[in-house]
Structure formats: structure tokens, C-alpha cells
Amino acid sequence: MITLIPENCNACRQCTYACLYGGIVLEGKTPVRTDSCTGCDACIDICKTGAIVSSGQNIRLGHDIAEYKGVWVIAEQRQGHILPVALELLGKARELADIRETGVTAVLLGDGVDKSGDLLIKHGADRVFIASAPFLGSYRTSPFVRIISGVIKEHRPEIVLFGATAMGRDLAPRLANSLRTGLTADCTQLEMSADDGVLLQTKPAFGGNIMAAITAANHRPQMATVRPGVMQPVCSPSRKGDTVFLDVREEHSDTIVSILKTVKKKQSRATLEKADIIISGGRGLGDSKGFKLLKDLAAVFSGQIGASRAAVDMGLIDHDHQVGQTGRTVRPCLYIACGISGAVQHLAGMQSSDIIVAINKDPKAPIFQVADFGLVGDLNRIIPEIIEQLK
Amino acid sequence: MKGLKIIVAVKQVPGTDEVRTDPKTNSLIRQGVPGILNPEDRNAVEAALCLKEKHGAAVTALTMGPPEAGDVLEEVFAMGVDKGILLTDMAFAGSDTLITAFILSRAIIKSGRFDLILCGRHAIDGETAQVGPQIAGFMDLPQVTYAEEIVLEKGFITVRRDLEDCQEWVKVKLPAVVTVTSRINRPRYPSLYNVQTACDGSLLTTWGAEDLKVPASMLGLDASPTVIKKIFEPDHKKRGEIIPGDEKEMAASLIEKLKGVNVI
Ligand SMILES: Cc1cc2nc3c(=O)[nH]c(=O)nc-3n(C[C@H](O)[C@H](O)[C@H](O)COP(=O)(O)OP(=O)(O)OC[C@H]3O[C@@H](n4cnc5c(N)ncnc54)[C@H](O)[C@@H]3O)c2cc1C
């Protein structure tokens with residue numbers, strides 16, 4: 001266990017970096033031991049000015065995981081609109097919280113989002129923390145980490161979920177660091193153990209070839225990011241809940257990274273995740289003639305166009321349409337895969353579609369293993385026939 | 001600004017996506033799978049070397065792993081990296097992203113003054129994209145992720161970030177941590193001249209837990225919050241039927257079946 005001699009401190013911060021647990025912090029120029037100190041004495045060696053000395057005792061404090069309760073979702077918005085992934089996460093959070101007989105909390109930071117609590121409550125939140133201020137309009141790491149880690153430290157949730165979006169994957173690791181807890185990226189499955197509250201988090205690795213099931217049994221909160229399109233939202237319009245407004249102010253450290261400008265990409269992207277029907281094509285399309293067939297098929301189904309990576313690499317279509325591990329995760333009512341072999345990386349993005357149809361001339365193509373209806377044959381002959389009969 | 005000092009954190013990863021698991025032991029089959037430099041880490045090295053060429057800089061590559069991981073340092077020396085630090089110690093084994101970032105940050109602090117820390121956005125094995133931000137967290141530094149361009153000017157960098165629906169330009173004062181995507185550049189090939197200088201071993205420093213003055217209780221599997229319970233190959237269950245007939249019959253019965261389940 002350490003004893004602090006603040007007069008000797010030159011505020012070099014080395015001790016705060018040396019501590020894995022956040023057990024020592026600098027308040028102004030004074031070192032302070034926090035509740036997270038485990039008494040491991042690692043900071044003593046680092047301190048060159050004699051401000052930290054050993055008190056001879058060795059006790060382990062650590063934190064009591066039983067104090068952590070509730071399932072939280074960090075909700076993401078753009079220009080004040082809640083992203084669908086936030087509602088999907090709430091659907092999952094509700095399920096996990098019901099198993100643990102606890103509540104769901106959503107946290108929303110943004111500008112002009114005062115009225116968004118209702119939507120989050122209808123999708124499963126019992127309580128919504130909202131911080132609404134102009135400086136939170138665009139995501140920046142510093143203020144978001146500061147504010148969210150503040151509420152997490154105060155309320156101690158058992159689980160915190162984030163979308164595996166650019167924001168979520170920037171924010172979550174930094175928060176996990178500030179809370180010194182575990183984080184699992186890009187989960188496709190979350191299962192709760194009812195008695196001890198341990199969350200089994202399953203994620204793909206090695207481009208989807210391997211799945212890993214991960215836990216952080218001795219740490220709280222347990223944190224995970226989940227890709228858009230993986231979980232399902234549940235809306236009950238009559239749900240009630242509380243909205244709590246956080247009092248927030250911009251601090252000097254928030255401006256350490258300043259946003260100079262943003263330029264929107266041309267918008268074809270987001271729509272695929274929302275599509276009810278996706279007609280997807282792969283290398284088997286052959287060339288632009290095959291691609292024209294795919295477009296015609298999409299037209300008679302009023303579906304959106306998806307693609308395998310091979311089709312994208314062949315230049316048949318833009319990467320924004322790619323489905324799979326390094327593309328989009330989709331879950332339409334109907335997914336028709338034409339000339340796609342069904343590599344694991346492709347399956348990773350579409351296998352939870354409600355109905356999957358595969359058209360492929362190779363009866364051994366793995367896509368048939370996930371298809372509800374398989375048509376073995378040449379797509380150049382089958383697709384025109386389907387179009388003809390549907391017209 | 002004094003001579004620019006850049007640190008690049010790199011990782012050796014299994015060299016193929018065709019990794020398989022051993023169903024008996026539930027572990028990865030690593031045998032026969034060559035280790036390679038993680039692709040986006042190569043982009044990070046290239047980004048550092050471009051800054052070096054433009055502004056003058058000392059570039060140090062840092063890697064943690066088993067002794068063989070030193071191979072990736074040889075490779076980046078051949079690209080033009082000036083110094084390499086290999087962090088290897090049995091005590092590091094099993095570290096998750098939090099502990100890995102902790103160890104890397106301790107080594108960065110020990111290595112002296114620096115201006116910029118570069119990392120690849122993510123590694124192709126675990127695909128977490130967590131280590132960069134976690135290093136920034138341990139060192140209390142600003143972080144910029146998803147970089148596809150870095151421009152240095154008077155102690156500041158301007159970074160173009162590639163986000164889902166937009167590109168974002170941000171400005172940050174150094175020191176800072178930046179993670180780069182594969183869109184940032186096309187990495188150069190190793191050069192023979194560099195290969196020769198790289199071979200004499202003088203560029204490489206090796207550190208273990210004792211050099212970093214970190215107690216074993218803060219390292220490796222035991223200190224790591226996350227634990228891999230199980231790894232397995234995804235199971236794609238067979239669920240459907242093959243529709244028989246010629247094209248006409250297949251098309252007709254497909255349409256009928258889709259109507260039957262109310263999707264059209
Ligand atoms: C790290 C990593 C990430 C990846 N991410 C993705 C991803 O996000 N999405 C993705 O899709 N892929 C991804 N891939 C690539 C993936 O492994 C496959 O290479 C890709 O999905 C193959 O595309 P395909 O099925 O169109 O082509 P192929 O595998 O070449 O299959 C073409 C199929 O078309 C059939 N065919 C040919 N002609 C006809 C015809 N006339 N009529 C009917 N059928 C015909 C063939 O029988 C064959 O089955 C990734 C790979 C890696 C290594």
C-alpha cells in the first residue's frame with residue numbers, strides 16, 4: 001500500500017501512466033489514491049521525486065462486482081437522428097436485463113436531442129440520460145469519454161453496449177481504458193448467465209473463419225460493441241420510462257482535437273441495411289450482361305442490389321453494396337444470392353436473413369448450406385425465367 | 001520543433017485467413033501458418049516513412065510477441081525504419097487488448113521523447129481495433145482513428161478520417177496517437193540496401209517485464225479483463241431444400257414457395 005507525500009510531487013504524471021487500474025490520479029498538481037488502487041505498489045518504482053512511498057501494508061482493494069447493476073446502451077445519433085443500431089441494441093439490452101431482472105438505461109449525447117428520450121424508451125429503455133449541447137453535436141473522443149465515463153462511474157452498470165460504428169469503435173476502447181475493464185469488439189451474439197451476470201460475448205475473428213466466445217467475468221462493466229444489423233429492435237409504443245438530463249459544459253481539454261470540416265459521401269450506403277428484399281450477385285454473373293440481369297431481377301422484386309466481394313473487385317458495382325465481413329451486415333426478409341459461392345466472409349453478412357434463395361450452377365457451393373431454397377443451374381437461364389413468370 | 005520522433009506499433013499475425021481450429025483442443029492450428037506483418041500496420045509504417053522523408057524524423061517500430069515476432073521488425077527495417085523494440089517475455093503471454101496497450105505504453109514512455117504514435121486501424125486476427133485508442137488512454141494523449149491522410153505542420157497534424165457516411169478533417173496538436181486504414185497509402189517494398197543494414201542486429205532492442213518495471217500481477221492472462229472461453233468454426237447449418245426441375249419448373253415452384261411464406 002502506498003503513502004503519498006504531495007510536497008515532493010512535480011506533477012510529472014508518470015505514476016498515473018504506471019497504474020493499470022487508475023488507482024492514482026492527479027487532481028490539479030496533487031496525487032490522489034482512488035478506490036481502484038489494488039495496493040500493488042507499481043507506482044513507487046516509477047516516482048522519481050519521492051512523492052509515493054510504501055506504507056508497508058499490502059492490501060488489495062479492487063471493486064465489488066455485485067454493486068454493478070443494469071444494462072446500458074450508448075445511443076448514437078447523427079444530426080439529432082437516432083441511428084437504427086441504437087434501437088437494435090436496446091432490443092438486446094431489454095432481453096439481457098429481463099434475464100437479470102434489472103433495468104435498461106440509454107445514454108444519448110448530441111445537440112438538440114432533448115426530445116429523443118421517448119423513442120429510446122419505446123424501444124426498451126427504462127431510463128434515458130440525455131446530454132444535449134452544441135459542443136456535443138459532432139462526436140469527438142474527449143468530451144464523450146469524459147461525460148460517459150462520469151455517468152458510468154457514478155451509476156455502475158453491469159453491461160454497456162455500443163454500436164460497432166466508427167464512433168463506437170473510437171469511443172468504447174477509450175472508455176474501457178478509463179474504466180480499466182474488458183471490451184469485446186464486433187459481437188454477433190450476446191448471452192447472459194442469469195445467476196452470476198456473466199456475459200458470453202461471441203465475435204468473429206480471422207475474417208469470419210473463426211468465432212471466439214469471450215467473457216470478462218471479474219470486471220465490470222462488461223462492455224461490447226455490436227455491428228449494425230445484427231440485433232433486432234423491439235418497439236412497444238406504450239412503454240414508459242424516465243428521461244434524466246445531464247448538466248454538461250465544454251472543458252478546455254475537449255477542444256484538443258478540433259473538427260475542421262466534414263464532407264458527406266454520396267449516399268447509397270445506408271439503404272441496404274434497411275432493405276426488405278436484397279438481390280445479390282457474385283462472380284458468377286460473369287460480366288456486365290449478367291449484372292444487367294441482376295438489375296432486372298431486382299426491379300421485378302422491388303429489391304436493392306447487393307454483391308459479393310468478387311463482384312465488387314470485378315468492378316461490377318461499388319463497394320457500398322458489398323455484403324459480408326468487410327461489407328454490410330444485412331437481414332432482409334428475402335435474400336437472393338445469384339452466382340455467389342457462399343464464402344464464410346460473405347455468409348457473415350447475410351446469414352440471418354429470413355429467407356435465403358441461392359442460384360448457383362455448382363451443387364456443392366456452400367451457399368446452399370444456408371439457403372432455404374436452392375436452384376442449381378445457370379443463372380443466365382434461371383433469372384430470365386423468374387423475371388418472365390413474375391411479370 | 002526538434003527532430004520529429006515517430007513510434008509505430010506493429011503486430012505479427014498469422015499469414016492467412018484460412019486458419020482452422022483443432023476440434024479436440026479448441027485452439028487455433030498455428031502450425032504451418034507463417035507469421036506476417038499485419039497489413040494495416042504496414043500502412044502505418046509507410047505513413048511514418050513518408051513523414052520522415054518530408055520532414056525528417058526518427059522512426060521506431062515497437063512490437064510485442066514471442067521472440068519470432070522480431071521477424072516483422074526485420075521487415076520494417078528493410079522498409080527504412082530506424083530502430084526497433086521487441087517486447088517479449090513469458091509474463092506478457094495471454095495479454096488482452098487492455099494489457100497489451102498497457103505494456104506498449106510503458107515501453108513507449110521508457111523509449112523517451114516522441115511526437116507521434118502510429119498504429120494500424122486493426123489487426124486481421126482479433127479484429128478489435130482497440131489497441132491504438134487504449135494506448136492513447138494509458139498515456140492521456142489525444143487519439144485520431146480511421147486516418148486516410150496525415151499532414152504535418154508546425155507541431156500540429158491535420159488528419160482526414162474515413163467514416164461511414166462522411167470524411168472528416170481534424171486538427172490536433174502533437175503528441176497524439178493516430179490509427180490508419182489501408183486507404184492511406186501503398187506501402188513500399190523492402191529495399192536491398194535497407195536489408196543489408198538491417199541484418200547486423202544493431203537496430204534492435206529487446207525488453208522484458210523487468211525492463212519495463214511492471215510487476216507480473218499487471219501482465220498477461222491473469223491481469224487481462226477479457227478471457228477467451230472458447231474458439232470454434234462457425235456452423236452454417238443446412239436448412240433448406242433444393243428445388244428440382246428445369247428452369248421453367250424451378251422458377252415456377254420458387255415463386256409459389258415465396259408466395260407461400262408471404263415474402264412476395
Ligand atoms: C479478410 C477477408 C474479408 C472478406 N470479406 C468479404 C465480404 O465482406 N464479402 C464477400 O462477399 N466476400 C468477402 N471476402 C471474399 C470471400 O472470401 C470470397 O472470395 C468472395 O465472397 C467470393 O465471391 P463470389 O461468391 O462472388 O465468387 P466465387 O467464390 O468465385 O463464386 C462464384 C460462384 O458463382 C457460381 N457460378 C459461376 N457461373 C455461374 C452461372 N452461370 N450460373 C450460376 N452460378 C454460377 C460458381 O459456381 C461459384 O459458386 C473476404 C475475404 C477475406 C480474405
Side-chain angles (χ1 to χ4, degrees), chain A residues 13 17 20 40 42 45-46 141 165-166 169-170 173-174 176-178 181-186 200 205-216 219 256-265 269 333-334 344 347 351 355 357 369-377 381-382 385-386 389-390, chain B residues 17-19 21 96 98 102 105 109 124-130 133-134 136-139 142-146 163-172 213-215 217-218 223 225-234 236 238-243 247-248 250-252 254-255 257 261 263:
Chain A
R13 308 193 78 88
Y17 305 149
L20 174 58
C40 76
D45 285 347
I46 294 295
T141 315
T165 58
R169 302 194 68 169
D170 185 272
R174 194 73 193 237
N177 184 278
S178 127
T181 190
L183 170 66
T184 307
D186 252 357
L200 189 67
F206 291 100
N209 280 295
I210 301 253
M211 306 297 289
I214 292 170
T215 60
H219 286 74
I256 191 152
V257 175
S258 53
I259 301 175
L260 303 178
K261 67 168 175 180
T262 52
V263 173
K264 272 219 157 314
K265 293 183 183 168
R269 281 192 146 185
C333 306
L334 174 62
V344 277
L347 301 184
Q351 61 184 331
I355 297 286
V357 175
Q369 288 175 26
V370 299
D372 298 270
F373 305 118
L375 281 63
V376 180
R381 300 167 61 129
I382 298 175
E385 197 55 55
I386 299 173
Q389 294 190 22
L390 268 177
Chain B
D17 289 301
E18 301 304 310
V19 239
T21 55
D96 71 354
L98 185 75
F102 177 63
S105 65
I109 291 167
I124 57 168
D125 50 358
E127 300 177 342
T128 72
Q130 284 165 199
Q134 303 252 37
F138 279 116
M139 303 182 69
Q143 75 190 39
V144 182
T145 49
Y146 297 95
L163 307 180
E164 291 105 346
D165 60 343
C166 68
Q167 290 174 313
E168 181 184 86
W169 280 255
V170 300
K171 187 173 177 179
V172 58
K213 295 203 177 124
V214 189
S217 64
M218 286 191 179
T226 59
V227 176
I228 300 176
K229 279 281 163 204
K230 169 168 102 164
I231 57 173
F232 53 98
E233 286 175 32
H236 304 295
K238 186 168 183 95
R239 50 185 209 181
E241 52 179 309
I242 298 290
I243 296 178
E247 285 92 32
K248 256 197 173 58
M250 279 196 266
L254 176 68
I255 291 166
K257 285 181 191 292
V261 289
V263 294

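Residue numbering restarts at 1 for every chain, and letters A, B, ... go by the order of the sequence lines.
Shown here for B:Tyr146 and A:Thr165, the closest heavy-atom pair between the two residues is OH-O, 4.2 Å. Counting all heavy atoms, side chain and backbone alike, B:Leu98 lies closest to A:Thr181 at CD2-O, 4.1 Å. Between B:Phe102 and A:Tyr17, the closest heavy-atom pair is CE1-O, 3.6 Å. Between B:Asp125 and A:Ala205, the shortest heavy-atom distance links the atoms O-CB, 3.1 Å. The nearest pair of heavy atoms linking B:Pro142 to A:Arg174 is C-NH1, 4.3 Å. Between A:Gln389 and B:Ala252 the shortest heavy-atom distance is OE1-CA, 3.1 Å.
With respect to chain B, the highest number of heavy-atom pairs below 4.5 Å among A:Leu200, A:Asp186, A:Val376 belongs to A:Val376. Chain B forms the most heavy-atom pairs under 4.5 Å with one residue out of A:Ala213, A:Ser178, A:Ala212, A:Ala176, and that residue is A:Ala213. Across A:Ile386, A:Leu334, A:Ile214, the residue that shares the most heavy-atom pairs under 4.5 angstrom with chain B is A:Ile214. Per-residue counts of heavy-atom pairs under 4.5 Å with chain A were compared for B:Val261, B:Val172, B:Ile228, B:Thr226; the largest is that of B:Thr226. Taking chain A as the reference chain and counting heavy-atom pairs below 4.5 Å, the highest number among B:Lys213, B:Glu233, B:Gln167, B:Lys257 is found for B:Gln167. Among A:Met211, A:Arg13, A:Glu385, A:Arg169, the residue making the largest number of heavy-atom pairs under 4.5 Å with chain B is A:Met211.
Under the side-chain contact (heavy atoms from CB on, under 4.5 Å) criterion, B:Lys171 pairs with A:Ser258, A:Leu260, B:Phe156, B:Thr158, not counting sequence neighbours. Scored by the side-chain hydrogen bond (donor to acceptor under 3.5 Å, both in side chains) test, B:Ser105 finds no partners at all (sequence neighbours excluded).
Put simply, CG on B:Leu163 and NZ on A:Lys265 are 7.0 Å apart, with the number rounded to the nearest 0.5 Å. Distance OG1/A:Thr141 to CD/B:Gln143: 4.5 Å, rounded to 0.5 Å. Atom OG1 of A:Thr184 and atom CD of B:Gln130 lie 7.0 Å apart (nearest 0.5 Å).
Using a 4.5 Å cut-off between heavy atoms, B:Pro215 touches chain A through its side chain atoms alone. If you measure heavy-atom distances from B:Leu254 to chain A, the contacts under 4.5 Å come from the side chain alone.
Side-chain N or O atoms of B:Glu127 include none that pairs as donor or acceptor with a backbone N or O of A:Ala185 at under 3.5 Å.
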For this session: Show your working on side chain to side chain contact (heavy atoms under 4.5 Å, CB included) between B:Trp169 and A:Val263 and close with a plain yes or no.
Result: CA-CA 9 Å; B:Trp169 280 255; A:Val263 173; 3.6 Å; yes

